[in-house]
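We name chains A, B, ... by the order of the sequence lines, and we start the count at 1 in each one.
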Protein chains: 2
Amino acid sequence: MARPTITDVARAAGVSKGAVSFALNDRPGISSDTRRRILDVAASMGWTPSAGARALSTSRALAVGLVLARAPEVLRADAFFPSFIAGLETVLSERGHALLLQVAERDDHAAYRRLVAEGRVDGVLVTDLHVDDTRPALLAELDLPAVLVGPDLGESWGPRQVACGADDAPAVRETVQHLLDLGHTRIAHVAGPQQLVHGRSRRGAWEQVLREAGVAVGPVVEADFSAESGARATAQLLDLAERPTAIVYANDLMATAGLGVAHERGVDVPTELSITGFDDTEIAAHLRPALTTVRTDVVAWGRAAARRLLQLVDGVSTDSTGETGETGETGENGGTGETDVPPARLVVRASTAPAPTLTHQGDRP
Amino acid sequence: MARPTITDVARAAGVSKGAVSFALNDRPGISSDTRRRILDVAASMGWTPSAGARALSTSRALAVGLVLARAPEVLRADAFFPSFIAGLETVLSERGHALLLQVAERDDHAAYRRLVAEGRVDGVLVTDLHVDDTRPALLAELDLPAVLVGPDLGESWGPRQVACGADDAPAVRETVQHLLDLGHTRIAHVAGPQQLVHGRSRRGAWEQVLREAGVAVGPVVEADFSAESGARATAQLLDLAERPTAIVYANDLMATAGLGVAHERGVDVPTELSITGFDDTEIAAHLRPALTTVRTDVVAWGRAAARRLLQLVDGVSTDSTGETGETGETGENGGTGETDVPPARLVVRASTAPAPTLTHQGDRP
DNA sequence: GGCGCCACCTAAACCGGTTTAGTGACGTGT
DNA sequence: ACACGTCACTAAACCGGTTTAGGTGGCGCC
């Protein structure tokens with residue numbers, strides 16, 4: 001037999017459809033023994049609610065969307081999404097929400113519009129934020145709850161669009177400081193795309209520490225997070241007359257490619273050149289030399305983002321009726337404890353070592 | 001204003017709800033100028049159908065599910081999913097279907113049951129097939145259309161459960177033959193889990209070629225596709241009294257870790273040891289030495305799997321009514337051209353070279 | 001003993017679509 | 001001129017839930 005419906009349960013229990021609905025949703029107005037009988041009957045028939053029907057009557061989709069605004073080939077070696085998705089899902093599934101994925105290589109605006117137009121999602125997650133990203137404004141206009149995956153930089157778009165994520169900058173600062181402590185003074189940077197906020201913030205942190213330390217802000221090459229671009233950037237840096245003694249890469253993939261280029265040119269890592277990555281990909285610890293890099297807990301980040309999004313979705317019970325607005329206290333869901341994401345931290349391995357020419361003038365006794 | 005409904009469109013166009021539905025679905029019974037008028041009105045109001053409502057009345061969810069039966073930490077460095085998902089999505093989105101993701105670390109049976117119980121999906125994709133996998137039987141029992149992502153080995157479960165994917169074996173055979181051609185006779189294998197079909201098939205192919213060539217079937221270490229396990233397995237192989245001169249790894253991640261171990265022990269790759277991987281991850285070409293490996297077109301695979309699944313879903317118009325069964329010709333969707341996946345092929349780079357002790361007795365003039 | 005009230009439950013409307021049955025106008029054949 | 005068929009469309013049922021408005025019975029109370 002096909003899936004039993006609520007009507008089947010009602011008939012079997014000898015009550016009305018409405019009674020069954022009340023009983024199943026723990027609402028008052030049903031005596032406790034009737035409630036128990038209904039629940040028993042429902043369980044014995046193996047009844048489960050139809051997500052679609054429920055969504056239709058409550059106007060809630062019980063699903064959230066994640067739009068990946070990347071070309072398939074860029075998605076290929078990504079260190080972020082699989083873990084992030086895993087984190088999201090653990091939270092979403094235990095709260096009865098589904099995760100809808102959409103890959104929108106180009107026109108991601110259309111993808112968002114479509115998700116909301118078809119009523120498929122209650123909210124979305126936005127990744128790979130650009131500087132001057134137009135998506136937050138779009139989502140605010142659509143009044144679609146959204147978590148912008150990235151550090152909260154105090155911007156504000158709409159009441160239901162918030163940022164969630166750890167700031168990369170402190171860990172990058174820690175990385176550069178680590179290199180300074182090792183006596184490096186020519187510290188280069190292979191940056192991610194500067195129109196991406198995380199590309200920009202990593203570069204900003206690198207620059208800031210050097211500036212504060214009174215060290216020359218070394219050469220920087222803008223790359224695109226791909227291995228290929230990392231290799232090119234490294235070649236470029238190693239061709240410089242004044243070769244850097246250390247290179248801070250914006251991610252592990254570029255750092256690994258850079259390691260290959262250095263090896264090919266006979267530049268020894270770490271004695272002649274220190275390199276650092278970002279992500280702590282699984283392979284980082286197994287490279288030779290093992291890569292000094294920054295570890296982020298992406299799974300926890302995913303969990304936090306999911307919790308935050310569900311808060312937003314639940315925060316406004318009924319929209320556009322306007323009635324609920326008068327209390328003004330959406331703050332009851334504002335607890336941030338479980339939506340904090342653990343900070344990234346430096347993991348020192350073998351790819352960093354004291355600078356070759358020891359200009360290291362003993363800041364230790 | 002909120003999203004316009006079909007009723008709003010009907011009122012605005014001065015016709016009934018039904019007429020609008022007919023017009024929008026290109027069904028006969030509407031004069032062409034009325035149809036045009038309705039379409040114009042709908043377009044000008046910015047109307048789009050609600051996926052949920054449509055799903056409810058047609059009993060089709062317009063969504064398919066992908067259950068990832070892996071722990072988050074295993075998902076982390078996966079070379080397969082991001083590309084595969086990208087491939088899936090390109091096809092699904094242009095056909096109006098959504099992709100639902102679920103991560104079920106342990107009990108994936110429950111995940112499938114839930115997806116079908118809630119009526120969220122029209123079909124699912126099953127990855128990471130085990131030998132004696134119980135999922136195909138479950139899906140057959142649930143009568144849920146499913147594409148089993150892997151080579152078609154001729155098994156048959158239910159009428160709506162089919163395999164889709166390229167066979168790994170030919171490319172692995174090509175790899176081993178490549179090593180034989182280079183004069184290697186002690187060719188080891190670091191295998192994936194043997195309860196996974198792709199782990200087993202790669203090992204089987206390796207073994208078969210050696211056997212057919214009359215070469216000793218070298219040592220094999222079963223690992224789990226992780227970098228850590230690849231490193232351990234490599235150490236174990238290099239500790240052998242009769243050290244292999246080549247190692248065939250079941251994936252790039254383990255091969256890369258193996259490269260690190262070899263380097264650490266001062267075993268030069270490729271002059272003393274040849275190694276090969278599988279996947280052609282983005283970093284493979286940028287390692288030193290660059291990794292000889294097998295390239296698979298995972299994006300195309302995803303596209304093919306999505307097309308095949310949609311064929312299955314569309315194949316049976318109405319289920320459980322039984323009426324449609326008498327024609328028996330589900331074959332009209334059976335065209336396989338667009339659901340073929342390009343075969344994997346060997347990419348020779350720098351990590352393979354002639355065997356060190358030249359027992360290579362000139363098969364070339 | 002009649003009143004009101006509360007607890008418990010039923011009937012029916014509703015969400016936004018699809019689909020079937022039915023209706024009126026018009027054209028056609030004999 | 002009349003039955004008949006077709007076309008174009010409307011009205012209403014339906015999918016499977018939720019929610020609101022009503023209705024019934026039992027009880028306490030004056």
Any donor-acceptor N/O pair, A/Asp78 side chain to A/Phe80 backbone, under 3.5 Å: yes
B/Arg11 and B/Asp8 ion-paired at < 4.0 Å: yes
Determine whether more than 12 heavy atoms belonging to other residues, nucleotides or ligands lie under 6.0 Å from atom CG of B/Asp132. no
Considering just the side-chain nitrogens and oxygens of B/Ser31, establish if one lies under 4.0 Å of OP1 or OP2 belonging to D/dC9. yes
For the helix from C/dG1-D/dC30 to C/dT30-D/dA1, what is the angle between the axes at its two ends, each from 5 pairs, rounded to 10°? 70°
Lys/Arg N to Asp/Glu carboxylate O, A/Asp33 vs A/Arg36, below 4.0 Å: no
Less than 4.5 Å apart, any side-chain heavy atom of A/Glu118 and any of B/Leu62? no
When you check every protein heavy atom under 4.0 Å of nucleotides 12-28 of chain D, what one-letter string (B, S, -) results, 5' to 3'? ---BBBBBB--------
With B/Pro136 as reference, evaluate B/Asp133, B/Leu138, B/Thr134 under the side chain to side chain contact (heavy atoms under 4.5 Å, CB included) test and give the passing residue. B/Asp133
Exercise answer: donor-acceptor pairs, residues 83-100 of chain B side-chain atoms, under 3.5 Å, sequence neighbours excluded:
from	atom 1	to	atom 2	distance (Å)
B/Glu89	OE1	A/Val103	N	3.3
B/Thr90	OG1	B/Gly87	O	2.7
B/Ser93	OG	B/Glu89	O	3.0
B/Arg95	NH2	B/Asp314	OD2	3.4

For A/Gly65 versus A/Leu115, what's the shortest heavy-atom pair and its separation? CA-CD1, 4.4 Å
